[in-house]
Amino acid sequence: MITFKVENYQLRRQQLVQQVKGGLILLLGNVDSPFNSADNCYRFRQDSSFLYFCGLDQPGLAVLLDVDSGREILFGKQQGLDDVVWSGPQPTLQNKAERIGMADVAPVSDLKNLLFASIAAGRTVHYLPTCRAENKIMLGGLLGKSIANVDKDVSLSLIKAVVSLRSIKGEAEIAELETAADLGYQLHIAAMRMAREGVYEWEIDGELEAVAARAGRMLSFPPIVTIHGETLHNHQRNHQLQDGNLLLVDCGAESYLHYASDHTRTVPVGGKFSPRQREVYQVVLTVMARARELIRPGIAYLDVHLAACRILVEGLQSLGLMSGDVDHAVAAGAHALFMPHGLGHMLGLDVHDMEDLGEDEVGYDGKILRSTQFGLSGLRLGRELQEGFVLTVEPGIYFIPQLIEQWKAEGRHAEFINYAKLSEYFDFGGIRLEDDFLVTKEGSRLLGRPIPLQVDEIENRTGFFLTTF
Ligand code: GLY
Ligand code: MN
Ligand code: MN
């Protein structure tokens with residue numbers, strides 16, 4: 001059992017209980033999820049909030065925190081001889097509880113009765129939203145609710161408390177995020193070396209899985225490995241690379257304690273950018289540099305996003321693809337034709353950190369609200385930054401033929417977009433670049449070993465797979 005120090009978990013639970021006013025807090029761990037039969041399951045991944053407060057990385061556990069009495073109980077199943085025979089010996093439930101600084105344990109079969117009795121006595125049971133179907137069903141049974149009501153009755157005060165705690169990364173968490181980002185470096189170097197004519201996208205995808213598996217880790221999300229980077233989350237992976245293509249790889253790894261990295265690089269197959277690719281790439285680089293320069297506590301990430309978009313428009317103007325007043329173009333959302341997504345998101349135990357608790361609960365704060373404008377509505381993080389936040393910066397430029405055709409037919413933002421020139425870019429694809437940053441007292445710090453980013457660094461690392469292995 002690898003965990004943080006016991007004091008970390010005790011402190012986190014104390015802080016949680018202080019922020020939730022009264023009642024019981026139910027933290028449900030994940031169970032094994034079947035792949036095609038009950039004994040054939042997907043690789044286990046623990047619930048991230050359960051990991052944060054309870055650290056135990058095994059299926060079938062739950063924790064109940066009594067806000068009023070301070071009592072904490074770990075629920076689980078004691079291992080039987082059959083489990084030992086098939087799965088090997090496990091620490092006892094008591095050992096697990098000690099590991100995270102809890103005194104009391106109980107069989108998971110007791111949980112329902114205890115919760116029903118508490119509800120009957122008028123006590124509130126706070127619980128978090130969950131994206132897992134098994135957990136929704138389990139919560140329905142434990143609380144006597146329909147699935148619809150399970151979703152509806154989640155505790156907003158618990159969500160807010162969890163988000164406030166998990167948003168600020170402590171020293172030990174930052175060390176984990178660094179190791180995740182360092183493995184991200186290995187992933188991207190492996191992918192760059194394979195960016196040669198004749199290689200299939202799935203071969204690179206397989207190598208990414210292998211790099212993580214050889215390090216005893218997991219990937220933090222299904223990688224995007226594509227020569228059609230204009231599709232933002234392209235998971236097809238069935239194309240064969242050809243010289244002249246741009247290969248977009250968006251992938252990340254987990255640390256041992258399941259903290260995530262999330263990096264994107266876009267490289268020329270064969271190792272040399274064409275002049276046109278280099279021009280567009282340079283624009284994305286300047287956008288990224290501007291965003292990074294602005295990150296500091298107190299600035300709203302919405303404002304970083306908008307400032308980055310202004311640099312994007314200036315760059316697209318220099319290529320002859322946009323024109324007109326830069327501020328007006330950004331205010332109108334004209335640039336979203338080229339970058340129809342936000343600048344980044346929080347990163348932590350989840351790649352889109354805490355988003356199963358509600359995207360707006362994590363990325364917005366009531367003072368800054370999510371826009372409904374095309375493109376800006378995809379900004380996952382808009383709120384004011386604080387020291388200790390960890391986030392991604394991931395600008396891109398994409399040429400999406402169907403989107404361009406539609407906007408052109410509608411004459412949309414025709415005063416800002418040079419549709420005639422754009423017709424030359426239908427075969428371009430897309431470029432995205434992405435790095436992970438910690439917000440520090442003065443500004444920001446890149447996490448992990450820097451992955452080649454500048455044009456010369458990329459060209460020197462790309463396309464050497466067959467000669468170097
Ligand atoms: N990996 C998906 C993203 O960059 O948000
Ligand atoms: Mn990414
Ligand atoms: Mn990302």
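The chain is numbered in sequence order, starting from 1. Counting starts at 1 for both ligands and their atoms, in listed order. Below, each value reflects all heavy atoms present in this structure, side chains not excepted, and no hydrogens, waters or symmetry copies.
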Any donor and acceptor pair, going by atom type alone, linking the side chain of E176 with main-chain N or O of H258 inside 3.5 Å?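 A pair under 3.5 Å: no.
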Taking R13 for the side chain and F53 for the main chain, is one N or O donor matched with an acceptor at less than 3.5 Å?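 Flag set: sc R13 to bb F53 pair under 3.5 Å.
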With a 6.0 Å cut-off on the ring centroids, do F426 and F399 count as close?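 Between F399 and F426, which both carry aromatic rings, the centre distance is not below 6.0 Å.
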[Y] and [X] side chains, donor-acceptor separation under 3.5 Å:
{"X": "D153", "Y": "N149", "answer": "no"}
{"X": "D436", "Y": "T392", "answer": "no"}
{"X": "E254", "Y": "Y259", "answer": "no"}

Charged N to carboxylate O under 4.0 angstrom, E442 versus R296?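 No, no charged N to carboxylate O under 4.0 Å.
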Inspect the contact between E359 and R370 and indicate whether a charged nitrogen and a carboxylate oxygen are less than 4.0 angstrom apart.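 Salt bridge present between R370 and E359.
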To the nearest 0.5 Å, tell me how far Q186 CD sits from I451 CD1.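 Here the rounded value is 9.5 Å.
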Taking CD in E171 as the centre, count heavy atoms belonging to other residues, nucleotides or ligands within less than 6.0 Å. Is the count above 12?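 No, the 6.0 Å shell around CD holds no more than 12 heavy atoms from other groups.
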Could you name all protein N, O or S atoms found under 2.8 Å from the Mn ion (ligand 2)?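 Only D250 OD1, D250 OD2, D262 OD1, E434 OE1 fall inside 2.8 Å of the Mn ion (ligand 2).
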Under a strict 4.0 Å criterion on non-hydrogen atoms, which protein residues are in contact with ligand 1?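 Within 4.0 Å of ligand 1, protein side: F221, H233, D250, D262, H345, H352, E394, E434.
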Answer yes or no for H352: is there an N/O/S atom below the 2.8 Å cut-off from the Mn ion (ligand 3)?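 It does not: H352 brings no N, O or S atom closer than 2.8 Å to the Mn ion (ligand 3).
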